[in-house]
Amino acid sequence: EAQVTQNPRYLITVTGKKLTVTCSQNMNHEYMSWYRQDPGLGLRQIYYSMNVEVTDKGDVPEGYKVSRKEKRNFPLILESPSPNQTSLYFCATGDRAYGYTFGSGTRLTVV
Amino acid sequence: DQQVKQNSPSLSVQEGRISILNCDYTNSMFDYFLWYKKYPAEGPTFLISISSIKDKNEDGRFTVFLNKSAKHLSLHIVPSQPGDSAVYFCAASPIFQGAQKLVFGQGTRLTINP
């Protein structure tokens, strides 16, 4: 079954404590991306990757890092989380011609 | 600068009737448009898409219309069913950046009433 797996699903953390949200896909897609969803703003792209070792900033990259060392994994790293990064995060993969497949989401709360 | 706008935060429709969700965009470089459906506690799921070379695409109960001159697209659901109650996002993809970037609207919450 084609899947995009995100972990954890829920996370509460404190300001400044580094965290990583993992994303893994089993569809062998080259493209992967991270989005955050906030009320009234829809989904906004944080970072994307066109292939292994190829990443680029999306629309809201500040405060985030990513890496793409292997095709299936695309972790999102918050080096020093702040309360304004409290959000619902989604990882996606695929191709626009066939629609993208999204993970189930990670709800992050930074206190 | 919201390049993709869904101006109706919510829409309520009676079961069996037509649901029409609207989306406007400002960037003329967008050449591919998609609609996603999202239930609570789940990721968005792809519904239907349309290329800018077309003005209509149909898939079962779902039809997307594109009016390039007005920079407007709409999603029609006929007939509406209770399971259609969800948040709907339109998204647009520009011709550059490897044609893989998606810009989303704010979403419209559709409620189908029995």
Side-chain angles (χ1 to χ4, degrees), chain A residues 1-10 21 23-25 27 29-51 54-61 68 74 87-108, chain B residues 1-10 21 23-25 27 29-54 57 59 62 64 75 86-109:
Chain A
E1 180 190 349
Q3 276 189 329
V4 178
T5 304
Q6 289 181 232
N7 281 297
R9 289 294 307 274
Y10 302 92
V21 184
C23 175
S24 179
Q25 53 107 351
M27 291 171 276
H29 287 308
E30 293 179 343
Y31 175 81
M32 298 185 75
S33 183
W34 277 102
Y35 294 85
R36 60 178 287 175
Q37 183 189 356
D38 300 291
L41 296 176
L43 285 86
R44 294 178 293 167
Q45 190 180 50
I46 303 170
Y47 268 94
Y48 65 96
S49 170
M50 299 297 289
N51 212 330
V54 180
T55 63
D56 209 345
K57 296 176 181 179
D59 298 315
V60 287
R68 188 88 182 275
F74 190 44
S87 188
L88 181 56
Y89 292 86
F90 291 102
C91 178
T93 189
D95 185 279
R96 74 175 198 175
Y98 303 100
Y100 295 92
T101 302
F102 283 77
S104 298
T106 296
R107 184 168 292 283
L108 172 66
Chain B
D1 178 26
Q2 192 80 24
Q3 297 184 67
V4 179
K5 295 181 182 179
Q6 294 175 256
N7 291 316
S8 297
S10 63
L21 296 102
C23 180
D24 296 296
Y25 62 96
N27 191 338
M29 296 302 290
F30 290 141
D31 72 330
Y32 203 80
F33 304 88
L34 307 91
W35 283 94
Y36 284 84
K37 176 179 181 179
K38 186 181 180 303
Y39 293 120
E42 295 184 12
T45 54
F46 170 69
L47 265 179
I48 192 169
S49 61
I50 188 167
S51 165
S52 60
I53 62 172
K54 295 185 175 181
N57 190 25
D59 184 2
F62 302 92
V64 56
L75 175 68
V87 177
Y88 289 78
F89 291 97
C90 69
S93 178
I95 199 166
F96 51 88
Q97 284 190 320
Q100 296 287 13
K101 181 179 177 64
L102 279 184
V103 180
F104 283 85
Q106 307 97 310
T108 296
R109 182 178 300 279

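We name chains A, B, ... by the order of the sequence lines, and we start the count at 1 in each one.
Note: D59(A) leads V4(A), D59(A), T101(A), L88(A) in heavy-atom pairs under 4.5 Å with chain B.
Of the atoms belonging to R44(A), not a single heavy atom falls under 4.5 Å from chain B. Proximity to chain B (any heavy atom under 4.5 Å) is shown, for D38(A), by neither the backbone nor the side chain. Looking at F89(B), only its side chain comes within 4.5 Å of chain A, counting heavy atoms on both sides.
The number of heavy atoms from other shown groups lying within 6.0 Å of CZ (R109(B)) does not exceed 12.
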Take F102(A) and Y35(A) through the test ring-ring contact (aromatic ring centres under 6.0 Å, His included) and record every step on the way to the result.
CA-CA 10 Å; F102(A) 283 77; Y35(A) 294 85; 5.7 Å; yes

Could you walk me through whether S49(A) and Y31(A) pass the side-chain contact (heavy atoms from CB on, under 4.5 Å) test, one step at a time?
CA-CA 6 Å; S49(A) 170; Y31(A) 175 81; over 6 Å; no

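In this structure, R9(A) and R107(A) have side chains that are not in contact, with every pair of non-hydrogen atoms separated by 4.5 Å or more. Using a 4.5 Å heavy-atom cutoff, the side chains of Q25(A) and Q3(A) are not in contact.
Shortest non-hydrogen contact noted between K5(B) and Q106(B) is CA-OE1, 3.4 Å.
Close approach to chain A, defined as a heavy atom under 4.5 Å from one of its heavy atoms, is seen in L34(B), Y36(B), K38(B), A41(B), E42(B), G43(B), P44(B), F46(B) of residues 34-46 of chain B, taken by number.
Among residues two or more places apart in sequence or in another chain, the side-chain hydrogen bond (donor to acceptor under 3.5 Å, both in side chains) test is passed with T106(A) by Q6(A).
Between atom CZ of residue F74(A) and atom OG of residue S33(A) there is a gap of 6.5 Å, rounded to the nearest 0.5 Å.
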